[in-house]
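Down below is the structure, laid out as C-alpha cells.
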Amino acid sequence: MKNKTSVLPGEGEAQPSRCPDNSAFKQQRLPAWKPQLTIASVLSTFFLTGAFCLTVGVCLVLAANSVREIQIDYSDKCSDCSRFRENSSNWNKECHCSVNFTLKEAILGDVFMYYGLQNFFQNHRRYVKSRSDAQLLGRNVKIQRSYCAPFSTYRNGTPMVPCGAIANSMFNDTIDLFYSRNSSVIQVPLLKTGNSWWTDKNVKFRNPESYNLSSAFAGTARPPYWQKPVYLLDEEDERNNGFVNDDFIIWMRVSAFATFRNLYRRVRRVRDFAEGLPAGNYTFRISYNFPVAKFKGRKHVILSTVVWSGGSNPFLGIAYLVSGTAATLMGFVITGIHLKLRKKKTYFQKQ
Amino acid sequence: MDTQNEELEKRGKVRKRKKKNENKRVIISNLPFGSKKWKENPNRYYDSNEIKTTKYSILTFLPKNIYEQFHRFANIYFVFIALLNFVPVVNAFQPEVSVIPICIIMAITAIKDAWEDFRRYKLDKEINHMGCYIYSREEHAYVEKCWKDVRVGDFVQLQCNETIPADILLLYSSDQKGICHLETANLDGETNLKQRQVVMGFSSQDTVFEPEFFQNTIVCEMPNNDLSTFKGYMEQPNHEQVGFNIENLLLRGCTIRNTEAAVGIVIYAGHETKAMLNNRGPRYKRSRIEQRMNMDIFLCVGLLFVMCLVGAIGHGIWTGNFSEHPPYDVPDSNGNFVSPVLAGFYMFLTMIILLQILIPVSLYVSIELVKLGQVFFIHNDLDLYDEEADLPIQCRALTITEDLGQIQYIFSDKTGTLTENKMVFRRCTVDGIEFSHQENDRRLKIQKELDLDNEDFAKLQHFTLPPMNLERPATYLHNTVRPLRRCQSARARFQGHKRSRSVGRRDSNQSQVAFSSPIEKDVTPDSRLLRRVREAALQTESFSPFIHMKTSTSFTDFFLALAICNTVLVSTTTEPRQRVTIPPPIKPSGITLEKIHQIFQRLKLASLSQSFSSSQSSSQLGASFSAKNTEEPLEVLESCDDENDCSASSRGQELQDQGSTDIGTPSLDEVFRSATNSSLPTDFCYEAESPDEAALVYAAQAYSFILVSRTPEQVTVQLPQGTLLTFDILCTLGFDSVRKRMSVVVRHPLTKEIVVYTKGADSVIMDLLDDSAKGDISTERRLKRIKERTQKHLDYYARDGLRTLCIAKKVLNEDDFQKWANFRREAEAAIDNREELLIETAQHLETKLTLLGATGIEDRLQDGVPDTLVSLREAGIKIWVLTGDKQETAVNIAYSCKLLNQRDTVFTINTENKETCESLLNLTLEEVKKNYEYDKPQRKLFGIIPTSPSVSEAPSPDFGLVIDGQTLNIIFQGGLEEKLLALARCCRSVLCCRATPLHKSMVVKLVRRQLKVMTLSIGDGANDVSMIQAADVGIGISGQEGMQAVMASDFAISRFKHLKKLLLVHGHWCYTRLAKMVIYFFYKNVCYVNLLFWYQFFCGFSGSSMVDYWQMIFFNLFFTSVPPLLFGVLDKDVSAETLLRLPELYKNGQNSEIYNLSTFIITMLDAFYQSLICFFVPYLTYKDSDIDVFSFGNPINTISLLTILLHQALEMKTWTVLQLVTMICSVALYFIFSLIYNAACLACNPPTNPYWIMERQLKDPIFYFLCLITPVIALLPRFLIFALRGTFGASLILKAQQVDKVPKEQQDVEIQKLRSRKEATSRAPVASSGASASGPLGRRTHEEGYYFFNRWAEEESAAADSSAGPFSGNHSLVPSGETAPGQDGGKLTKDYPSNFNYGSHRRSVSSVTL
C-alpha cells in the first residue's frame, strides 16, 4: 500500500479508479461459520435430540394419562327423539331423553362438560364464511352486504339476526347433569358462562347498544332453524344473552374438523362437588333439539378434566417418544457404521 | 403528446420516403430554410439529434410496463387466477385480497424497470444538453446550441477535444491538408488517432469555409450500423459529382484531436447515427437453469392439475353422498344447491385458486434479484480486475450468471485471447539470410522469466499470505532496463486482498497508445544484421541509379519497407500528443542532390573494405543459417541493452568509422550535424492499427530506420546516418483479408523511382514473385535460391510459433504507373461495386514482386494461460481453439500453452476432397474408438473405487485433433458433421486453423446444437463476434483490438487467465447458489401448499383453508423470501481457494448435479413428506378436541415456517452474520406480524377472523411442544441423509468442504491426497494410448521435444519430403538448449521447470495431410 502510493503519488485522487473495493463483503470474504457434519457433531445431535424427545415424551404421556374422561354417545340412546326430529314439522315441539352412567371413581379437579358432534363439517368453506363479524360486533345489526347469504334476510326483507349458516345451525340441545345420591337426585351445578375466550366474549361479540336487548334487535327475525330469537338465548342472565351468549360464541368459533367437541358447561365446585365429581350414578337429561340423522352424524356428551398439556390425547407424547427413539437408534446405527468403516479404512491404509 | 404524434407521423413519412428514394438519403443545407420555411425543407423528415433511449415516459409507463410484464407466462397465470377469484361460485379467498401478491410482484418488477429507465433518462438528458456550435443564418456565425437541437443539414463547427454530436460530413479542417484527427475510443475502444479528410474539392480552399455558400446536394446511403463503410456523392450546382466515403465522415461519439477546428454538415442525427445504431442494449439470454425450471414449472402445473382433480372428484363424491342437504352444506345466495358434478367442477376452479402458489409466484422476480446480486459480486471481484487497464470485469448479460458454472465446451480465439496480441519482433530473413536476433531473444526471455517468477511469487503470497515483501528482489532489476508494467500488475494481484483500494494505473501516455508497451517497443538488433544494414545504408545513400549493389540495397529496402509499408501514424510522446505530420525543417531537398552524391561516393570508398569482409562472412553464414554468430564482437552485444543505447553506440561506431576514413568535408559535416542536431524528438509514438505493423516499425527503428512522420501524401524516414528521406506516397493499398497483403506506392526522393513495397502473408506473396528475371540466368538462379531459402526460414518460423510476413518490392516505370493510376482513379470514383474494382486494381499492381525478406513476429502467450487451460481441462471442459493462423503456428502455440500435451496423440486432417475427408475421419475415428474400448475395462477396474468421480467421465481425452478451414468447409458441405463431432468428442482438444469468422460460428453452432452442450466462446477481435454470439455464453476480451468483441459479449474480461476464476469459482458458486435456490423455491411452495391440500380431506374438499389469507400471502412474500435470496447471493459451498485448486469440483455444475430431474423429484417427495408431517402431527394432536379452524391453522403455519427455514439452514453451507440476522429476523417478523395482526384485526378481513389466536396459543404449552417436535420429525430423514453423506460419503464437494476446514498448512496435503487419487484413475488411459501408438495410420513417434509433421501425401509427396527433410537433417546439427531451432524444446523446459520431465516424454504425432 505504501509502496504503491509512493510510486504513484496523487494518482488516485486525479482519476477515480474503477478498481472494486477491497471490502470483506464485496470480496465475499465475510467471516463465516461453516457447519460441518462430522461424526462428532452428527452423533451428538442425534443423541441429544433423542434424549430430549424421550424425556418430554414421557412427561407428556404421563400427563395425558392422568386425564379422566367420560364420553357418551347419546344419538342412539335418544333414538326416539332422533326419529322425532327427522320430521321437520315437529321443529318447535320439545323432546326429552335421559342417559345414565356410573362413576366408579370420583373425578377430581375441574370437570368440563363438552358436547361432541361427529360428521358435522363446520369447516366447510361456504359454511365457515357464512357469517358477519360486523353484525356480531353489534355495529350493524341489520347488515345487508355480507357473506351470510342465503341466511341474511327473509324473503320479505326482514334481516336474520344473527345471520349466516353458522348461526342458523347452532347446537341447541340442552344437557343437564343429575347426581343420584342415596336415592335423592341432585342437579350438578354447572357454570354456563366463562367457557368462551375472554376476548370473544368481551371484544369480538357485542350486543347492539340499546336500553334493552329486545329493542336492540327490533325489526329483525331469528334464523329459520332457531326456536327463539337471539335476545332470549339466556333470559336469566343479561350478560349472557344476545350475541354475548357463551353457547352462541362457542358455536360461532367453527371447529377445525368434522368430528369435534365444544365446551358446554363446567362443573361448579361447590358443596358435594367441591372436589370434582364424586363416584356414583349420574344422569344426563337432554332436551333433544339438534338433528343429526340427516347427515349421519352422532352426538356425544363428554365429561373431562384438563391438565397442563391439554386433554386426554396422548398423541403428542407418543410422537415425542417415537421420534426420540428413532433419533437414538439412528445415533447407534451411525456409530456402528462409523466403527466398521474406520476399521476398514485402517485395513486399507495398511495395505 | 403532440410532439409524439408528430414524431409518429414523421416516422411514417420517412418510411414512405424510403421507398421513393430507393434507399438513398438526400440532404441539402438547412440555411436557405429559415424557421418559417421549415416545412419545405426536405431534411425535415430525418430524425433530430435528440436521443431517447428510455422505454417509457411518465404517461406510458404504466400501460407499457404492464403490457411487457404480461409477456411472462407466470404473470398471466397469476392474474388469471386473481380474476378467477372474483367469480363468486368458485372463489376461495376474498377476491380483493387475492390480487395483492401479483400486484406486489409486478410492482417490484415495475419499480426495478422504472429505476433503470430513469437512469437512462438522466443520461439521455445529459447527452442531449451537451453544447456544440451550429451555424446560424440570422447571426452569420456559429452559435452554441444543445446537441438535441442539431438537425440534419446543419453546419457544425467542432473544436479540438470536442465530442462529435452527430455523424458529420467533413467539409473544412483548420489543418492545411484538410485532415482532421479523430479518437474513436468511445466507439470501438481503439486509442490510436484516425485521420479523416475533407471531402474532395473542399480541401483545396485556403479560406475559411462559408456555410452560406454551400449549395450542393448530398446523396448518401440510408442509415446503417456499419462503422467501416459509408459512401455517397455530392452534387454541385453544376451537376458535377464528387464522391466521398467513410474517410470523410466524422462519427458521433468520437473526439476531435490535434485539429483546431473542423466544420461539417450533419448527415445522420440522433438514433440514425452509426454509433447509435451500433449500440445494442444488454442481451437477454435464457440460462439453462431457467429452461430446466420452466420445465419443472410445467411439472408443477401438472401436479396442480392432479391435486385439483382430486379435490374436484372428492368434492363431487362427498356432496353426492348426502341424501339430504346437511345444515353445513350452505346453498348459494339464492338458496339453490348445485348438482354434485357441477359442484365438483366449481371446486376444481376453487382448488386452482387455493393451491395457486404451488407455482412459485415470486420465483422469477427472486431469480432476477439473485442474479443482480451475483453480478454485483462478480463485478466487484478484485481478482477479475485488471490493474493495467483499470478495468474490472464487465457483466453485460445479467441473466446467465449460472451458465458460467455449467460450461462443457470452450471455444477460444488464439490471437489476443490466448496470446497477448503484443507482437514482438523476433527474427527476420533478408535476402535469404537468416538473422536470429538472439540478443533480443535473450532480453525477452529475461522479461518472461521475471513475469513468471512474479506470478509464482504472487501465487505463493495469495495462498499463504505471509508478511509480504513488496519490493521485487533487487537482483532482477539490472536484468531489464525498464521494469515491465506487467510485472507490477502481477504483483498487484496478491496485494489485492490486503490493500484497501487499489489505485488505477492509467498513467503515462503509453497506455493510451495501443501496441506500444516496452516489450513491443524494445527490439535489440541483431549485431550481425546491424552491421550489414549500416554498410548497406551507406551505399544506399550514395544512390546513383547506375550502381546496383543488389545485396546491399535489399537490406535497406527491407527496412525501408518495414518503415514505410504500413499505416502507422507518428506522434511524439511529449504531452499533449502532438501529431508529427510536418517533416522537420531540414529536408533532404535542402541539400542538393549533387552534394549528396559527392558525400556518399566518399563514404563508399571508406566503407568498402569493411563491406568486403562482411560480405564474405555473410556468404558463410548463408550456408548454415542457424550457426551462431559467435565471432561477433562481444562489446557491441553487451552495449545493446536497449534500443537507445544501441543506436547511440551504433552512431558512435559510425562516427568512428568516419574518423578513420578521415574524409570529413564541410558539406558532410553539415549534413550530419544538421541531422543529429535537428530538433527531432528522440522518442516517437507509433499508433498502429494492427500490432504487427507496430512491431515492424519498431524493428525498423531498432536498425535506425526511423519513421519520423506520415501524412497521406508523404512519409519521412530517418536513415541510420541521420538523413531524412521524404517519400511521396503515390498510393496506399490497404490491407484486406481477401488479398492478405498491403502495398504502398512511393516515389523515391533520390532515385525518383516509383517503388511498390508490399507486405503480406507468405502464401500470397510467394505466388506473386517475379520468377523470370529477364534473361539473366545468374540473377534468376539467385532469386530462386533466395526464394527457396526464405520459404525454408518461413516454415521454420511458423513451426516456432511465429507469425510470418513477407516483404517484397517492385520498381515501376513512370508510364506503367500512370496507366495504373488512371485505372485506380476510375475505380475510386465508382459508386457501385467499388470494393471489387479496388481489389482488382490492387491485384493488378501487386505482381512480379521482388522478394526482400521475411519477418517472424512472436505473439507472446498471456501470462497464466497454460495454467488456466490446464485447470479448465481438469474441470472437464473441452477446449477448442479456433484461429485464423497458420497450422504450424497454431499447433505450436497449442503446445506451448498446454492445450496439447506432449503425450497426446494428435490427428491432423487437412484435405480438399470430400471422399478422402470422409475416409480419413472414419479411419481416425476407428483408431480412437479402438483406444477407447481398450480403455474401458481398465476404467471399470478403477471404477471399483466407488468414490472416484472420474468413473462417469467422458471417453479418454488423450487425443488432439487439428483441422483446417478448408477441411471444415468440406465437412460442412459434405454433411460430415456427425463424424467430426463423433471424433471431436473423443479428443480432448481440437484446434481449427485458418478458420474464418464464419467457420468459427458454424463450429460453435454445430457443437452446441448437435451435442446439446453448454458452450462458451471467448475472443477479442471483430472476427470473433459471430462466434461469441453463437455460443451460450460469450466472453469478450477487452484487449487491443477494439471493442466489437466486448460489445457482442455477455461478459468482458481483460485477461484470459481471469476465465479461470470466473468459471471455476464464480461459475460454480452462481450455479450452486441459483440451482439450490430454485429447487428450494419449488420445495417451499409445494411443502406449503400441500398443507392446504391435506386439509381438504378433512373439510369435504370444500376448498377451505385453515390459515388466514393474509398470513398466507405474507408467508411467501416476507417471512420466507429473504433468506433464500440471501442464500442465492451469498452461500459458498466451497471456498474460492479450494475451488481453484481442485478444478474437478466444476464438474458438479457441468453435470447439473444439483438441479436435475432426479433432484427435483427427490425434493418434491421430501416436500410432500414434510408437509404431511407438518399437517398430521398437529392434526393428530388436536384431533377430537375443541380446536377451531384458525387455531388449528396457526400452529401449522408456524411449524411450516420453522420447518422451511430450518430446511434452508440445513442447505446453507456458509453462515455469516447476514444470514443469521435474516434468518432470525424472518422468524421474529412472523411472530411480530402475527401478534399485531391477530390483536389489531377485529373484523378487517370479514369472514375469516383470526382475532387473538396467536396470543392465546403462545400461552399454550402444546403449541410449543408442537413447534419443537414437528420440524424435528420433518427434517429428520433429510438430516440423516446429510449426516450419512457428510460422515461417510465421498462426494468431492464434501471432501473439499472438509479441506476448507483444515488449517491452512494442511490444506495442501489434503488437496494432494484428493488429487493423487484422481490421478490414479485418470492415468490409466494414458498408458494405453502409449501402447497403441503404432496404429495403422503409421504414426511416428519422436523422442525429441521437437517434432515434425509427417505429411502423408499422395500427390505432393516430393514437396512434402523436401519441406520436412532438411529440417530433420538440420536437426542433428543443432546443439540443444539455447540455439535457434531446438528452442521449442528448450523453451518448454525452461519456462515450466516443474514439468521438466514432460520434455522427454514422447510426443506422438499423427498427421494426415492431403
Side-chain angles (χ1 to χ4, degrees), chain A residues 1 3-4 8 11-12 15 17-22 26-28 30 32-34 36-37 39 42 49 120-131 133-134 137 147 149-150 165 169 199 204 253-257 259 261-263 294-295 308-311 315-316 319-320 323 330 337 341, chain B residues 322 324 326-328 330-331 333-335 377 380 382 385 390-392 470 496-497 499-504 506-507 1098-1100 1102-1104 1106 1177 1180-1181 1183-1189 1192 1213-1216 1243 1246-1247 1249 1251-1252 1261-1262 1265 1269 1272-1273 1280 1282-1283 1286-1288 1300-1301:
Chain A
M1 184 68 203
N3 190 22
K4 273 210 84 69
L8 305 159
E11 181 104 41
Q15 202 164 31
S17 162
R18 278 177 281 186
C19 179
D21 272 345
N22 189 13
K26 282 193 181 173
Q27 299 307 319
Q28 306 193 52
L30 285 176
W33 173 59
K34 293 189 170 188
Q36 282 272 307
L37 294 170
I39 192 76
V42 164
T49 315
F120 191 91
F121 285 80
Q122 257 203 320
N123 53 14
H124 191 282
R125 181 172 56 87
R126 268 175 287 140
Y127 182 83
V128 169
K129 71 176 191 179
S130 183
R131 63 188 282 161
D133 282 327
L137 268 169
Y147 293 92
S169 62
T199 48
K204 237 171 116 175
R253 183 163 285 281
V254 288
S255 287
F257 310 113
T259 302
R261 60 176 68 166
N262 275 347
L263 185 57
K294 57 179 170 181
F295 54 86
W308 59 274
S309 65
F315 173 78
L316 203 56
Y320 266 92
S323 48
M330 281 173 195
I337 298 174
L341 272 185
Chain B
F322 299 115
E324 202 179 332
Y328 48 82
V330 183
S333 51
N334 301 323
F377 279 118
N380 272 301
L382 264 181
Y385 167 75
D390 187 28
L391 266 182
L470 292 181
H497 299 296
R499 72 211 144 117
S500 63
R501 193 182 172 87
S502 129
V503 182
R506 276 205 125 202
D507 54 338
F1098 300 94
C1099 67
S1102 63
S1104 60
M1106 65 289 193
V1177 169
L1180 291 171
T1181 306
K1183 197 170 163 271
D1184 289 334
S1185 72
D1186 56 349
I1187 194 85
D1188 63 289
V1189 174
F1192 172 65
K1213 296 287 176 276
T1214 316
W1215 284 80
T1216 64
N1249 194 335
Y1251 185 68
W1252 217 252
I1262 293 242
F1265 284 122
I1269 192 67
V1272 170
I1273 302 174
L1280 179 70
F1282 274 27
T1287 46
F1288 315 116
D1300 272 350
K1301 274 282 190 180

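Because the structure is predicted, anything quoted here is derived from the model rather than measured. Below, read A as the first sequence line, B as the second, and so on, with proteins coming before strands; counting in each chain starts at 1.
Note on A:Lys294, A:Arg131, A:Gln36, A:Lys129: by heavy-atom pairs under 4.5 Å with chain B, the leading option is A:Gln36. When each of A:Val254, A:Val128, A:Leu30 is checked for heavy-atom pairs under 4.5 Å with chain B, A:Val254 comes out on top. Of the residues considered (A:Asn262, A:Ile337, A:Thr49, A:Leu263), A:Ile337 shows the highest number of contacts with chain B, using heavy-atom pairs under 4.5 Å. Interface remark: of the candidates B:Pro326, B:Gly1100, B:Pro331, B:Pro392, B:Pro331 forms the most heavy-atom pairs closer than 4.5 Å to chain A.
At a 4.5 Å heavy-atom cutoff, the contact between A:Leu137 and chain B is made by side-chain atoms alone. At a 4.5 Å heavy-atom cutoff, the contact between B:Leu1180 and chain A is made by backbone and side-chain atoms alike. Of the atoms belonging to A:Phe121, heavy atoms from both backbone and side chain fall under 4.5 Å from chain B. Within the 4.5 angstrom heavy-atom criterion, atoms from both the backbone and the side chain of A:Tyr127 approach chain B. Using a 4.5 Å cut-off between heavy atoms, B:Ser1185 contacts chain A through its backbone alone, with no side-chain atom that close.
Considering only heavy atoms from C-beta on, A:Ser255 stays 4.5 Å or farther from B:Asp1186 through its side chain. A:Val42 is not listed as a side-chain neighbour of B:Phe1282, based on a closest heavy-atom distance of 4.5 Å or more.
The backbone N or O of B:Ser1104 lies less than 3.5 Å from no partner atom in the side chain of A:Asn123, so there is not a single donor-acceptor pair.
Residues A:Met330 and B:Leu1280 approach most closely at SD-CD1, 3.6 Å, considering heavy atoms. Across every non-hydrogen atom of B:Ile1273 and A:Ser323, the tightest pair is CG1-CB, 3.9 Å. For B:Phe377 against A:Lys26, the heavy-atom pair with the smallest separation is CD2-O, 3.5 Å. Residues A:Ala149 and B:Val330 approach most closely at O-CG1, 4.4 Å, considering heavy atoms. Closest of all the heavy-atom pairs between B:Phe1265 and A:Trp308 is CE1-CZ3, 3.4 Å. In plain terms, the two heavy atoms of B:Asn380 and A:Gln27 that are nearest each other are O-NE2, 2.6 Å.
Separating the CZ atom in A:Phe257 from the CD1 atom in B:Ile1187 is a distance of 7.5 Å, to the nearest 0.5 Å. Residue A:Cys19 holds its SG atom at 5.0 Å from CG of B:Leu382, rounded to the nearest 0.5 Å.
Using bins of under 30°, 30° to 60° and over 60° for the plane-to-plane angle, the ring pair B:Trp1215/A:Trp33 lands in the tilted bin.
Close placement of the A:Phe120 and B:Tyr328 rings is indicated, their centers lying within 6.0 Å of each other.
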